[in-house]
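Contents: one structure, followed by commentary.
Residue numbers begin at 1 in each chain, while the letters A, B, ... track the order of the sequences. What you see below is based on every heavy atom in this structure, not just the backbone, and it leaves out hydrogens, waters and symmetry mates.
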Amino acid sequence: MSKKPAAIRGTNDFIAEDAARFDQVVETFRRVARLYNFNSVHVPVFEHTGVFARSLGETTDVVAKEMYTFEDRSGDSVTLRPEFTAGIARAYISNGWQQHGQMKLAAWGPCFRYERPQKGRFRQFHQLDAEMLAAPDPMADVEILAFGQQLLEELGIAKSVTLRLNTLGDPESREAWQTALLSHFRAHEPELSADSRDRLARNPLRILDSKDAADRAIVADAPVIDDYLSSEAGAWFAAVQEGLSAAGIAFERDARLVRGLDYYRHTAFEFVTDALGAQGTVLGGGRYDGLIEAMGGPPTPAIGWAAGIERLALLLPGAAGGKVDVAFIPMDREAELVGVRLLGALRSGGGISAETFARGNMKKRMQRADASGARLALILGEDERARRRVQVKDLAAGDQTALAYGDIGFIGGYMAELRLREMEGEGAEMPPFSAWLPATMLTTR
RNA sequence: GCGACUGUAGCUCAGCUGGUUAGAGCGCUGGUUUGUGGUACCAGAGGUCGCGGGUUCGAACCCCGUCAGUCGCCCCA
């Protein structure tokens, strides 16, 4: 045990169902992204440390204690990305992407944060990310939220997730609100929890979502952003809500919702669930109009969100593992060689997935073929070779028929029809292979 | 960074108040009349009981430390 190499804390190795769930999340994301015309962007996994330190806010926990930062061989300080947005903003500036006008970008991959692992939280985790750059219209907020909503729907988890929405206003509104909040909390400072007294100095907004009971009482009658919104900021928020209603997207106004990272303005949102314990946020984001300019680029209004792939995968009802269409069972070495050619034809010519089961006795081979989920088993021995045929056994129906080498293409046809029926939910009505095969093809053993 | 709980075969776990060769199920390997599964049976391989130290005549069971996992705080996807 002690001699086994250990994975780094907070990293995961996973296969089979877990991997299938992960893949399903990513594949669904990519498919839905296409529907909304979000195109792929690929950015580095690491950046100069300043890219994250400046954009996220020096006092945020992510920057203060959670970054994977190290010196490379030249002595430069580099950091593994804790999120996507800063790197994409940097790429936008570095490459002059303002030439493209509005951009809708989608990315996914690993991110890194040095934290204590917990349910749905890891040191290497994976995010889906969507960004709309140079998008100065409340309808962009609506569109990117619709993307997120549809993603959750197509993953089949929309029922267990609710959208919470708030606005942080424009810089003037936010500033005025924050000042009011600060004086409110200062007035109650002795009653605040130790954590919140600490937050008072670092990030007073965070007191709003404290879990401490005493804090919540003080938060209950804290100033609300609505009273400090400029007319422009109020109009923006109204437009977003109107658009969401038109799109049929349900949301809850949460006046205490704030975002951890400094760059957020206007719309802020989270899709939350209570099925994941303390890590309820499954997809979150908001508008960050000032970020790109603050990083040295042109003024660029933008909005984006990120979703935790592991968290989404945990909510997935279930995922089909790696099934194979056809199992090939050779009786001897010679049959294996013939099989290489037959399976090659099925795979490249017919798009059929196939696996060979050549170990153990016949019983074991059949057991494994069955466990593989294959619908058909192809059995090839000396007798069959002499007549240039294979035995085709329908593993669901249990019956078996012989098929000439030259007619092997029918297997592709059968599997194609089976797949079609399964897609339409009537896979059970698929006749056995022997009944499906035209009568003239039926061969006696 | 703080707290609680847990750590026995590949996996899920038993192991009574510390006492001779540490068990089960699943999985894996082989077999049960020559080439047939999903529903049988037999056999086998596999564990320095996370690691280190201590208490004891004796520890998987008690104590300390350490590492890891889980959950919570913090923070966030």
Side-chain angles (χ1 to χ4, degrees), chain A residues 1-4 6-12 16 25 56-57 59-66 81-85 108-130 148 161 193-196 198-199 202-203 206 209-212 258-261 269-273 276-285 304-315 327 329-332 335 357 359-374 376-384 391-400 445:
Chain A
M1 268 281 198
S2 60
K3 294 198 178 107
K4 288 181 182 173
I8 287 180
R9 180 168 215 191
T11 65
N12 293 105
V25 171
L56 299 181
T59 62
T60 60
D61 275 28
V62 171
V63 171
K65 58 178 199 187
E66 294 175 1
R81 67 179 174 214
E83 53 122 49
F84 275 92
T85 304
W108 74 271
C111 297
F112 304 84
R113 255 119 100 156
Y114 191 86
E115 303 182 274
R116 285 286 288 270
Q118 227 171 288
K119 186 188 186 81
R121 177 214 276 183
F122 309 100
R123 287 189 175 177
Q124 175 175 335
F125 60 108
H126 299 77
Q127 282 191 341
L128 309 174
D129 187 84
V161 173
S193 67
D195 275 334
S196 287
D198 190 45
R199 282 188 271 237
R202 288 201 342 269
N203 193 350
R206 295 248 62 116
D209 53 15
S210 169
K211 285 165 187 159
D212 183 88
V258 291
R259 308 250 67 225
L261 309 179
F269 55 88
E270 289 182 352
F271 286 87
V272 298
T273 178
L276 289 180
Q279 275 63 239
T281 303
V282 116
L283 184 155
W305 54 248
I309 296 180
E310 287 86 353
R311 291 182 185 181
L312 292 171
L314 281 170
L315 293 177
I329 301 176
M331 298 311 305
D332 52 28
F357 298 91
R359 288 174 54 221
N361 58 25
M362 187 61 178
K363 184 179 182 70
K364 295 287 184 198
R365 294 176 192 210
M366 288 301 292
Q367 277 178 351
R368 292 198 179 94
D370 184 52
S372 76
L376 300 178
L378 307 189
I379 302 161
L380 184 66
E382 210 177 331
D383 296 353
E384 288 80 15
Q391 291 290 332
V392 180
K393 177 157 187 170
D394 186 320
L395 289 171
D399 70 340
Q400 189 167 316
R445 307 190 162 211

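Taking atom C1' on both nucleotides, A59(B) is separated from U20(B) by 14 Å, rounded to a whole Å. Using atom C1' as the reference point in both U17(B) and U12(B), the two lie 27 Å apart (nearest Å). A gap of 12 Å separates the P atoms of A4(B) and C64(B), to the nearest Å. Nucleotides G15(B) and C61(B) are separated by 9 Å at their C1' atoms, to the nearest Å. G50(B) and A22(B): their P atoms are spaced 15 Å apart (whole Å). Rounded to whole Å, the C1' atom of G46(B) lies 14 Å from the corresponding atom of U8(B). C63(B) and G25(B) have their P atoms separated by 32 Å, with the value rounded to a whole Å. Using P as the reference atom, A45(B) and G23(B) are 13 Å apart when rounded to the nearest Å.
With rounding to whole Å, Met331(A) atom CE is found 8 Å from U36(B) atom C1'. Atoms CD1 (Ile8(A)) and C1' (G69(B)) sit 16 Å apart, rounded to a whole Å. If you take CG of Leu380(A) and C1' of G35(B), they are 12 Å apart, rounded to a whole angstrom. Atom CH2 in Trp305(A) sits about 13 Å away from atom P in A77(B), given to the nearest Å. If you measure from atom CZ of Phe357(A) to atom C1' of C28(B), you get 16 Å, rounded to the nearest angstrom. Taking atom CZ of Arg113(A) as the reference point, atom C1' of C74(B) lies 13 Å away to the nearest angstrom.
Arg311(A) places no side-chain N or O within donor-acceptor distance of the main-chain N or O of Val282(A), the cut-off being under 3.5 Å. In this structure a side-chain-to-backbone donor-acceptor pair under 3.5 Å is present from Glu310(A) to His126(A). Arg123(A) contributes no side-chain N or O that, together with a main-chain N or O of Pro117(A), makes up a donor-acceptor pair within less than 3.5 Å. One N or O on the side chain of Arg365(A) and one on the backbone of Pro330(A) form a donor-acceptor pair closer than 3.5 Å.
Closest approach of Ala327(A) and Phe357(A) over heavy atoms only: CB-CE1, 3.5 Å. Closest approach of Trp305(A) and Asp129(A) over heavy atoms only: O-OD1, 3.3 Å.
The side-chain contact (heavy atoms from CB on, under 4.5 Å) search around Glu384(A) returns Leu380(A), Gln391(A), not counting sequence neighbours. By the side-chain contact (heavy atoms from CB on, under 4.5 Å) test, Ala313(A) pairs with Arg21(A), Val25(A), sequence neighbours left out. With sequence neighbours left out, Arg121(A) forms a salt bridge (Lys or Arg N to Asp or Glu O under 4.0 Å) with Glu115(A).
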Between the protein and nucleotides 70-73 of chain B, are there any N/O to N/O pairs under 3.5 Å, and if so, what are the atom names and distances?
unit_1: C71(B); atom_1: OP2; unit_2: Lys119(A); atom_2: N; d: 2.7
unit_1: G72(B); atom_1: OP1; unit_2: Ala278(A); atom_2: N; d: 3.0
unit_1: G72(B); atom_1: OP2; unit_2: Gln118(A); atom_2: NE2; d: 3.3
unit_1: C73(B); atom_1: OP1; unit_2: Lys211(A); atom_2: NZ; d: 3.3

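Contact annotation for Ala306(A): backbone-only contact, meaning every heavy-atom pair under 4.0 Å involves sugar-phosphate atoms and none involves a base. When heavy atoms are screened at a 4.0 angstrom cut-off, Glu310(A) is found touching no nucleic acid atom at all. Counting non-hydrogen atoms under 4.0 angstrom, Gly304(A) reaches nothing in the nucleic acid. Looking at heavy-atom distances under 4.0 Å, Asp383(A) makes contact with a base. Note on Glu270(A): nothing from the nucleic acid sits closer than 4.0 angstrom, heavy atoms only.
Rounded to the nearest 0.5 angstrom, Met362(A) CE and Ile379(A) CD1 are separated by 4.0 Å. Atom CZ of Phe122(A) is separated from atom CD1 of Ile8(A) by 15.5 Å, given to the nearest 0.5 angstrom.
Side-chain N/O atoms of Glu384(A) and base N/O atoms of G35(B) include a donor-acceptor pair closer than 3.5 Å.
Closest-nucleotide positions on RNA chain B for Ile379(A) and Val282(A) were compared, and the one nearer the 5' end corresponds to Ile379(A).
Counting only Watson-Crick and G-U wobble pairs whose two key distances fall under 3.5 Å, RNA chain B forms stems of three or more stacked pairs at B:1-7 with B:67-73, B:10-13 with B:23-26, B:28-32 with B:40-44, B:50-54 with B:62-66.
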Report task. Mind running side chain to side chain contact (heavy atoms under 4.5 Å, CB included) on Leu283(A) and Val161(A) for me, showing each step along the way? Result -> CA-CA 10 Å; Leu283(A) 184 155; Val161(A) 173; over 6 Å; no

Requested in this report: Let me see the working for Met366(A) and Leu395(A) under side chain to side chain contact (heavy atoms under 4.5 Å, CB included), right down to the final yes or no.
Outcome: CA-CA 9 Å; Met366(A) 288 301 292; Leu395(A) 289 171; 3.9 Å; yes

**Report entry** Contact state string [nucleotides 37-44 of chain B, B base, S sugar-phosphate only, - no protein heavy atom under 4.0 Å]
**Finding:** BB-B----

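Among G35(B), U36(B), A77(B), the nucleotide with an atom closest to any side-chain atom of Arg311(A) is A77(B).
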